[in-house]
J.: 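Below you will find the structure I want to go over with you.
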Amino acid sequence: MKRTLIMQALAMTEPQNTITVCGWVRTRRDAKEFSFIELNDGSCLANIQCIVDADTPAFAGMGEANTGAGLRVTGQLVPSPGKGQQWEIRASSIEVYGLADQESFPLQKKRHSDEFLRSIAHLRPRTNKYGAAFRIRAEAARAVHDYFYGQGFHYVHTPILTGSDCEGAGEMFRVTNLPAGETAVEKDFFGKAANLTVSGQLEAEALAMGLGRVYTFGPTFRAENSNTPRHAAEFWMIEPEMAFADLHDLMDLGEGLTCFVVKQVLERCAQDIALFNNFVDKGLCQRLNALLAKPFARVAYREAVAILQQCGKKFEYPVSFGTDLQTEHERYLAEEHFKQPVMVYDYPKSIKAFYMRMNDDNETVAAVDVLVPGIGELIGGSQREERMDVLVQRITELGQNPEDYWWYLDLRRYGSVPHAGFGLGFERLLMLLTGISNIRDVIPFPRTPGNIEF
RNA sequence: UCCCCGAUGGCUCAAUCGGCAGAGCGGGUGACUGUUAAUCACUAGGUUGGCGGUUCAAGUCCGUCUCGGGGAGCCA
């Protein structure tokens, strides 16, 4: 079935005697002697206008097709005499694949609220805004792979089903096929408790210890009862893990990745980005270009605390060394003090995970958070503790059993080397790229507490 | 999970002190037009989120549940 994508048709430099496009009707305007149809096939934001004369087979073929209907249109690509478009198709034949009942089809030509469109998540890809959002999502994913490929990273697949109950990154979803009422874990499929992954980090470290530079990019699950516009129970996380690297290499990587994706999406999704800049977030392009214009700020946690203490601003939560930075503090640093993305590093060991590398001061660990204006924490990462004795001590200090980490400790037992990695929430990156303020609107079918329709 | 605010026609919202449920858009019908979220006329469309309570009377007051929005916590 030969057809031309609307994206390609609109980019033609010469008229075409015969062209076939397929798509869904966005609007139909009827006159007595002819009809206008605007068709969209998802290949790009723009529609193509088709003219259907009343006395043609195309008009008969079109029938009652109206907003939402799926069509195949064949005709001539000609310069449009009307304003607003360069090309249009003078239809010679139309085949209707599927009609859309006008009384029940929920998408109007008018703007809908995001809340309503979320309730018809299966149909919202047919709107300008969500079509654009999901095209940008695809292009951003491609950019992530391009960047890592260019830096010598290997894409690895870490398990989604995990048996470890000691990852500590958050509440986990239990996976079981036991019949209702049966609770004996030994009788369960794996013979022990299984969960959906909350992070591929530990496995990625194992792979990095052989492949050197690796990254995961896949679904991640958190059973936290988080009700915010920035959290979802299922989200996609990018987790690079880099051997022979320290915290500063890691910060370079995080900054490099973020800027590369922003730049590539600006270049390849210009029309879709323009839609968000015009209708969703008037400052979007300016902010994205500002992000590319100069290096991210880098500040040690200790200095960040001093900045917050001396800024004269009243915070709900007081700041002192040893307390975690609250949202209000992160926002102040990124949005008011630095007014750009800022990397805060060397956090007190007391508020960070066991696997983060102890610094020489014996008080802080080599961890870094990347804070972005309007988004909050985009990246969280660390140089990993590669020294066996220190790692065992940290696990013990936190009241856990080193034996549970036997294979993770093996990585230190045999040929341990300095290494570092981070986790980047892909949806948060998309919020940054589009100006969309709710994470539920950058995932096609979002999973949040109490919501698993579709 | 906590605090605050919401839920009225398919959608977006009105409805004053507790007193006859309305509009715009969308839909249908017709007219008109190289139209551009077309335009004009007519028209249909409601168990006011669920359950319970107060009252002569509840969209409106009270309780509770569900969902949504803003903020917080947890984090990516």
Side-chain angles (χ1 to χ4, degrees), chain A residues 26-38 46-53 64 66-68 78-85 88 90 100-120 123 127-128 167-171 198-201 216-217 219-239 254 279 315-317 324-331 351-353 369-372 375-381 422-432 437-442 448-451 453:
Chain A
R26 281 299 176 78
T27 76
R28 170 173 173 174
R29 294 179 289 270
D30 282 337
K32 191 177 283 179
E33 302 299 326
F34 48 85
S35 294
F36 295 101
I37 279 185
E38 294 219 22
N47 308 322
I48 196 161
Q49 174 166 281
C50 306
I51 317 302
V52 191
D53 286 315
E64 296 301 304
N66 211 320
T67 311
V78 296
S80 175
K83 286 177 184 167
Q85 61 279 318
E88 64 186 24
R90 190 155 283 277
D101 174 49
Q102 293 302 294
E103 279 193 56
S104 58
F105 186 61
L107 292 175
Q108 301 177 184
K109 297 162 199 171
K110 233 182 65 171
R111 192 186 169 280
H112 287 291
S113 68
D114 293 323
E115 292 79 14
F116 171 66
L117 290 170
R118 221 174 280 153
S119 74
I120 49 166
L123 295 175
T127 65
N128 285 340
E167 294 182 41
E171 290 296 312
V198 293
S199 165
Q201 180 196 319
T216 75
F217 184 5
T220 309
F221 307 88
R222 303 275 167 91
E224 303 284 355
N225 190 10
S226 292
N227 289 287
T228 84
R230 299 185 309 280
H231 293 86
E234 176 181 308
F235 62 99
W236 281 57
M237 190 152 64
I238 298 154
E239 295 180 290
F279 300 111
F315 292 112
E316 191 184 339
Y317 295 87
D324 208 353
L325 298 180
Q326 302 294 313
T327 298
E328 57 176 344
H329 307 135
E330 296 181 347
R331 289 184 67 118
I351 56 172
K352 289 291 180 182
D369 282 354
V370 179
L371 311 177
V372 179
I375 306 294
E377 187 181 338
L378 176 68
I379 293 175
F422 63 68
L424 185 157
F426 185 53
E427 282 77 14
R428 293 200 181 159
L429 183 58
L430 293 171
M431 292 168 77
L432 171 68
S437 57
N438 196 315
I439 197 168
R440 298 163 191 227
D441 298 330
V442 294
T448 51
N451 192 342
E453 195 64 57

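Per chain, numbering begins at 1; letters A, B, ... match sequence-line order.
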J.: Taking A:Gln102 for its side chain and A:Ala100 for its backbone only, find out whether a donor-acceptor pair lies under 3.5 Å.
T.: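 Yes; at least one donor-acceptor contact below 3.5 Å.
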J.: Which part of the nucleic acid, if any, lies within contact of A:Gly376, taking any heavy atom under 4.0 Å across all strands shown: a base, the sugar-phosphate backbone alone, or nothing?
T.: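 Nothing: the residue A:Gly376, judged by heavy atoms under 4.0 Å, touches no strand.
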J.: Do side-chain atoms of A:Glu427 reach the backbone of A:Trp236 as a donor and acceptor pair under 3.5 angstrom?
T.: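 Pair found, side chain donor or acceptor close to backbone of A:Trp236.
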J.: Is A:Glu88 touching bases, backbone alone, or none of the nucleic acid, heavy atoms closer than 4.0 Å?
T.: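 Counting heavy atoms under 4.0 Å across all strands, the contact made by A:Glu88 includes a base.
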J.: Determine the contact category for A:Tyr317: base if any of its heavy atoms lies under 4.0 Å from a base atom, sugar-phosphate if only primed atoms, P, OP1 or OP2 are that close, otherwise nothing.
T.: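 Result for A:Tyr317 = sugar-phosphate.
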J.: Distance between the C1' atoms of B:rG45 and B:rC67, in whole angstroms?
T.: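 Pairwise C1' distance, B:rG45 against B:rC67, rounds to 25 Å.
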J.: Any N/O pairs under 3.5 Å between the protein and nucleotides 40-46 of chain B? List them or say none.
T.:
none

J.: Who are the ring-ring contact (aromatic ring centres under 6.0 Å, His included) partners of A:Phe426, not counting sequence neighbours?
T.: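 Per chain and number, A:Phe426 pairs via ring-ring contact (aromatic ring centres under 6.0 Å, His included) with A:Phe217.
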J.: What contact category does A:Arg90 fall into here, base, sugar-phosphate, or nothing, at under 4.0 angstrom with non-hydrogen atoms?
T.: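 Result for A:Arg90 = base.
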J.: I need the CZ-C1' distance between A:Arg118 and B:rA7, as an integer number of Å.
T.: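 These atoms are roughly 15 Å apart.
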J.: Say you pick atom C1' in B:rG10 and the same atom in B:rC5; how far apart are they, in whole Å?
T.: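 Taking atom C1' in both B:rG10 and B:rC5, they lie 25 Å apart.
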J.: Sequence neighbours left out, what passes side-chain hydrogen bond (donor to acceptor under 3.5 Å, both in side chains) with A:Asn47? Give chain and number order.
T.: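 Residues passing side-chain hydrogen bond (donor to acceptor under 3.5 Å, both in side chains) with A:Asn47: A:Glu38, A:Asn40.
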J.: Quick one: is A:Lys83 getting a side-chain N or O under 4.0 Å of the B:rU35 phosphate, OP1 or OP2?
T.: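 So the side chain of A:Lys83 is outside the cut-off, no N or O lying under 4.0 Å from OP1 or OP2 of B:rU35.
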J.: With rounding to whole Å, what would you report as the distance between B:rU1 and B:rG73 at their C1' atoms?
T.: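 Between the two C1' atoms, the distance is 8 Å.
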J.: When rounded to the nearest Å, what value does the distance between C1' atoms of B:rG19 and B:rU12 take?
T.: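 The same atom, C1', in both gives a distance of 28 Å.
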J.: Can you tell me how far P in B:rU8 sits from the matching atom in B:rG59, rounded to whole Å?
T.: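 Comparing P positions in B:rU8 and B:rG59 gives a spacing of 14 Å.
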J.: Reckon A:Glu328 touches a base, only the sugar-phosphate, or nothing at all at heavy-atom distances under 4.0 Å?
T.: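 Answer is nothing: A:Glu328 stays at 4.0 Å or more from every strand.
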J.: Would you call the rings of A:His112 and A:Phe116 parallel, tilted or perpendicular, taking 30° and 60° as the class edges?
T.: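 Ring orientation of A:His112 relative to A:Phe116: tilted.
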J.: Donor-acceptor pair, distance only, cut-off 3.5 Å: does the side chain of A:Arg222 make one with the backbone of A:Val198?
T.: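 Yes, because the side chain of A:Arg222 sits within donor-acceptor range (under 3.5 Å) of the backbone of A:Val198.
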J.: Can you name the side-chain hydrogen bond (donor to acceptor under 3.5 Å, both in side chains) partners of A:Ser113, sequence neighbours left out?
T.: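 With neighbours one apart ignored, the set is empty.
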J.: What nucleic acid atoms does A:Glu427 come within less than 4.0 Å of, heavy atoms only: base, sugar-phosphate, or nothing?
T.: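 It contacts nothing in the nucleic acid.
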J.: Could you list the residues that satisfy side-chain hydrogen bond (donor to acceptor under 3.5 Å, both in side chains) with A:Thr228, not counting sequence neighbours?
T.: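 Checked A:Thr228 against side-chain hydrogen bond (donor to acceptor under 3.5 Å, both in side chains); matches are A:His231.
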J.: In this structure, how many angstroms lie between the C1' atom of B:rC74 and the NZ atom of A:Lys352, rounded?
T.: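 Rounded to the whole Å, the gap is 12 Å.
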J.: Just by distance, do the side chain of A:Arg230 and the backbone of A:Arg428 share a donor-acceptor pair under 3.5 Å?
T.: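 Between the backbone of A:Arg428 and the side chain of A:Arg230 there is no qualifying donor-acceptor contact (under 3.5 Å).
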J.: My understanding is that only residues two or more places apart in sequence, or in another chain, count here; which of them pass ring-ring contact (aromatic ring centres under 6.0 Å, His included) with A:Phe105?
T.: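 Not a single residue meets the ring-ring contact (aromatic ring centres under 6.0 Å, His included) criterion with A:Phe105.
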J.: Name all residues meeting the side-chain hydrogen bond (donor to acceptor under 3.5 Å, both in side chains) criterion together with A:Glu88; count only those two or more places apart in sequence or in a different chain, and write none if there are none.
T.: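 So A:Glu88 forms a side-chain hydrogen bond (donor to acceptor under 3.5 Å, both in side chains) with A:Gln49, A:Ser80.
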J.: Hey, does A:Asn225 have a side-chain heavy atom less than 4.5 Å from the side chain of A:Glu171?
T.: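 No, every pair of side-chain atoms sits at 4.5 Å or beyond.
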J.: Identify, between A:Leu378 and A:Gln85, the residue whose nearest nucleotide on RNA chain B lies closer to the 5' end.
T.: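 It is A:Gln85 whose nearest nucleotide is closer to the 5' end.
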J.: Checking only heavy atoms, does the side chain of A:Arg230 share a donor-acceptor pair with the base of B:rG70 at less than 3.5 Å?
T.: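 A donor-acceptor contact between them is absent.
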J.: Measuring only the C1' atom in each nucleotide, how far is B:rC61 from B:rU48? A whole number of Å is fine.
T.: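 15 Å, rounded to whole Å.
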J.: Within the structure shown, what part of the strands sits under 4.0 Å from A:Ser104 by heavy-atom distance: base, sugar-phosphate, or nothing?
T.: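 No contact.
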J.: Could I get a table of every N or O pair under 3.5 Å where one atom is in the protein and the other is in nucleotides 11-14 of chain B?
T.:
unit_1, atom_1, unit_2, atom_2, d
B:rC11, O2', A:His112, ND1, 3.4
B:rU12, OP1, A:Ser113, OG, 2.6

J.: Figure out the CZ/P separation between A:Phe36 and B:rA38, and round it to whole Å.
T.: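 Spelled out: CZ on A:Phe36 to P on B:rA38 is 12 Å.
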J.: Whole angstroms only, please: what is the CZ-P distance between A:Arg222 and B:rA76?
T.: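 For the pair A:Arg222 CZ and B:rA76 P, the rounded distance is 5 Å.
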J.: For a quick test of reading the model, state the closest non-hydrogen atom pair linking A:Phe235 to A:Ala232 and the distance between them.
T.: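 Taking every non-hydrogen atom into account, CD2-O, 3.6 Å.
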J.: Regarding A:Ile379, tell me which of base, sugar-phosphate or nothing describes its non-hydrogen contacts under 4.0 Å with the strands shown.
T.: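 A:Ile379: backbone/sugar contact only, no base atoms under 4.0 Å.
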J.: Check whether A:Gln108 reaches the backbone of A:Pro106 with its side chain - one donor and one acceptor, N or O, closer than 3.5 Å.
T.: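 No.
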J.: Do A:Arg29 and A:Thr27 have side-chain N/O donor and acceptor atoms under 3.5 Å apart?
T.: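 Short answer, yes.
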J.: Expressed in angstrom and rounded to an integer, what is the separation of A:Arg26 atom CZ from B:rA38 atom C1'?
T.: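 Atom-to-atom, A:Arg26 to B:rA38, this comes out as 18 Å.
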J.: Using atom P of each nucleotide, how far apart are B:rG53 and B:rU60 to the nearest Å?
T.: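 Those two atoms are separated by 14 Å.
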J.: Of the candidate nucleotides B:rA37, B:rG69, B:rA76, which contains the atom at the shortest distance from the side chain of A:Asn438?
T.: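 Minimum distance to the A:Asn438 side chain belongs to B:rG69.
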J.: How about A:Leu107 and A:Thr127: do any of their side-chain heavy atoms sit closer than 4.5 Å?
T.: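 Yes, their side chains come closer than 4.5 Å.
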J.: In whole Å, what is the span from the CD atom of A:Gln49 to the P atom of B:rA37?
T.: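 A:Gln49 atom CD is separated from B:rA37 atom P by 11 Å.
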J.: May I ask whether A:Phe426 stacks on the base of B:rA76, given the cut-offs of 5.5 Å between ring centres and 30° between planes?
T.: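 Aromatic stack with B:rA76 absent for A:Phe426.
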J.: Taking Watson-Crick and G-U wobble pairs with both distances under 3.5 Å, convert RNA chain B into its dot-bracket string, 5' to 3', dots for unpaired and | for cross-strand pairs.
T.: (((((((..((((.....[..)))).(((((.......))))).....(((((..]....))))))))))))....
J.: Select base, sugar-phosphate, or nothing to describe what A:Gln326 touches, counting heavy atoms under 4.0 Å on all strands.
T.: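 Sugar-phosphate, backbone atoms only, no base.
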J.: Indicate, with a heavy-atom threshold strictly under 4.0 Å, whether A:Gly82 touches base, sugar-phosphate, or nothing.
T.: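 The answer is base, as A:Gly82 lies within the cut-off (heavy atoms under 4.0 Å) of a base atom.
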J.: Please tabulate the protein-to-nucleotide N/O contacts below 3.5 Å involving nucleotides 1-5 of chain B, giving atom names and distances.
T.:
unit_1, atom_1, unit_2, atom_2, d
B:rU1, OP1, A:Asn225, ND2, 2.3
B:rU1, O5', A:Asn225, ND2, 3.4
B:rU1, O4, A:Asn225, O, 3.4
B:rU1, O4, A:Asn227, N, 3.3
B:rU1, O4, A:Asn227, ND2, 3.0

J.: Might you list the N or O atoms of the protein lying below 3.5 Å from N or O atoms in nucleotides 28-33 of chain B, with each pair's distance?
T.:
unit_1, atom_1, unit_2, atom_2, d
B:rC32, OP1, A:Lys32, NZ, 3.4
B:rC32, OP2, A:Lys32, NZ, 2.9
B:rU33, N3, A:Asp30, O, 3.3
B:rU33, O4, A:Asp30, O, 2.2
B:rU33, O4, A:Ala31, N, 2.8
B:rU33, O4, A:Lys32, N, 3.4

J.: List for me each residue that meets ring-ring contact (aromatic ring centres under 6.0 Å, His included) alongside A:Phe315, sequence neighbours excluded, and say none if there are none.
T.: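 By the ring-ring contact (aromatic ring centres under 6.0 Å, His included) rule, A:Phe315 matches A:His329, A:Tyr332.
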J.: Quote, to the nearest angstrom, the C1' distance that separates B:rG26 from B:rC13.
T.: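 Roughly 14 Å separates the two C1' atoms.
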J.: Is any side-chain N or O of A:Arg28 closer than 4.0 Å to OP1 or OP2 of B:rA38?
T.: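 Checking B:rA38 against A:Arg28, no side-chain N or O comes under 4.0 Å of OP1 or OP2.
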J.: Using OP1 and OP2 only, check whether a side-chain N or O of A:Asn451 sits under 4.0 Å from B:rG68.
T.: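 Yes.
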